[in-house]
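The structure appears right after this line, and notes come after that.
Predicted, not measured: the structure shown is a model, and the values here were computed from it. Order of the sequence lines sets the chain letters (A, B, ...), proteins ahead of strands, with each chain counted from 1.
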There are 2 protein chains.
Amino acid sequence: MSCHQHVIDQLRGAGVRLTPQRALVLDVVYHSHGHLTADQVYERVRTQSPQVDLSTVYRNLVFLRQQGLIGELRLEGEPTRFEAVRSGAEHHHAVCSACGAMIEIAPADLAPLSEALVRNYGFAVSLVHLTLNGHCAACQPAGASDKGQSSPHGVEALAGSDAEAG
Amino acid sequence: MSCHQHVIDQLRGAGVRLTPQRALVLDVVYHSHGHLTADQVYERVRTQSPQVDLSTVYRNLVFLRQQGLIGELRLEGEPTRFEAVRSGAEHHHAVCSACGAMIEIAPADLAPLSEALVRNYGFAVSLVHLTLNGHCAACQPAGASDKGQSSPHGVEALAGSDAEAG
DNA sequence: ACTCCAGTTGCAAATCTTTGCAACTGGCTG
DNA sequence: CAGCCAGTTGCAAAGATTTGCAACTGGAGT
């Protein structure tokens, strides 16, 4: 009841309650060394409180993410995974679309972006856990002078229709 | 059959087929002025081809996103929305967690990040359509010297458990 | 320790997305 | 123009995530 005062304090500040279920979800995520899916969190929570419902786990996962206590990782073709956000160990991810390699990005690399958003739009971005897609060093096409997406245009006539959004 | 050669060419390059369904999905997204949910795309596609299945729409939406032809927008509490990626009009989004305001971010603001990733990790990020969360100018807390997330730590004992990941 | 109110929970059902599979078809080849 | 093969589709069902609601409960106030 002392070393995690930070968390309790943060939760109190949001006008929320620290229920056993919520504490358990947070605890499970913080004790896992990798990224857990909602279902995995659910399974682990149930080993300690079998009556906890999956929807409660989901609700708390969403809640804790909004509080910045956990980050989420969305990978193509698999369910969303959650990871603890620890002070001093914050990081983001870059996932290679070709080989699936995952690179951890230091928060410092995002600082310029954060500053640009404040400067240009007055927007204080909350970079809790970002996942970027692209190609890792090993998978980049040879003559990638046009690395990026080729720019599509003139797609309007593709299907020969003219159903306007309205 | 000429002005959209770019798209056809891009699709051919990926070793894929340009089916009527696929063209229709792309067409619908490109003709919409806002962001459409998968279901809205489905409805519009069906006005022209009633037999097209929702799963086909989803599959094409995922496919076109991977091709960089459309971008997706994930907002809290509502289904994913899709938007056309047009050359010369690329942009990303910053969504305010407090008021829901949505700001369009110029690609230029992300250039430094893109460069840092290549320089530091050899990673060529594909910034097709990014959505960032945070607080807009109007919703930022007054004395936000600690704007960002407070750093949680020592959460381990929160639930009094010691279920180690493994 | 008791009361009260708002935040939470469990349950069931709805929604949103993805997937398996056999039939179908675009588009190259002959 | 017929044949072929791999990419696609429609259908049905599974899987993932969210929501409505009445009952429950933290924790501040008394």
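- Taking atom OH on B:Y42 and atom C1' on C:dT18, their separation rounds to 15 Å, with Å as the unit.
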Would you mind building the protein contact string for nucleotides 6-14 of chain D? One character per nucleotide, 5' to 3', B for base within reach (heavy atoms under 4.0 Å), S for sugar-phosphate only, - for untouched.
BBSBBBB--
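- With A:R74 as the partner, the side chain to side chain donor-acceptor pair (under 3.5 Å) test is satisfied by one option alone out of A:N133, A:T80, A:T131: A:T80.
- Contact annotation: B:T80 reaches the phosphate of C:dT17 (side-chain N/O to OP1 or OP2, under 4.0 Å).
- Put simply, CD on A:E78 is 10 Å from P on C:dT19, counting in whole angstrom units.
- B:Y58 places its OH atom 18 Å from the P atom of C:dG20, with the value rounded to the nearest Å.
- One N or O on the side chain of B:H91 and one on the backbone of B:A89 form a donor-acceptor pair closer than 3.5 Å.
- Side chain of A:N60 to main chain of A:T56: a donor-acceptor pair is present (N/O by atom type, distance under 3.5 Å, no hydrogens or angles).
- Distance CG (B:L24) to P (C:dG26): 14 Å, rounded to an integer number of Å.
- One axis for each end of the helix from C:dA1-D:dT30 to C:dG30-D:dC1, each built from five base pairs, and the angle between them comes to 40° at 10° resolution.
- Between the side chain of A:Y30 and the backbone N or O of A:V85 there is at least one donor-acceptor pair closer than 3.5 Å.
- Nucleotide D:dT17 holds its P atom 13 Å from the CG atom of A:L36, rounded to whole Å.
- When the P atom of C:dC16 is taken as reference, atom CG of B:L75 falls 14 Å away, rounded to whole Å.
- Applying the side chain to side chain donor-acceptor pair (under 3.5 Å) test between B:H35 and each of B:E83, B:H129, B:E72 identifies B:E83 as the sole match.
- Put simply, CD on A:Q40 is 15 Å from P on D:dG15, counting in whole angstrom units.
- Seen from the ring of B:F63, B:R22 counts as a face-on cation partner, given the 6.0 Å and 45° thresholds.
- Rounding to the nearest 0.5 angstrom, the gap separating the CG atom in B:L75 from the NE2 atom in B:H93 is 8.5 Å.
- Residues A:V41 and A:T37 have side chains not in contact (no heavy-atom distance under 4.5 Å, counting atoms from C-beta outward).
- For the 3.5 Å distance criterion, the side chains of B:Y58 and B:D53 fail to qualify, holding no donor opposite an acceptor.
- Residue-to-nucleotide proximity on DNA chain D shows that, of A:D39 and B:G77, the 5′-proximal contact is made by A:D39.
- For the pair A:Q66 CD and D:dT18 C1', the computed distance is 13 Å after rounding to whole Å.
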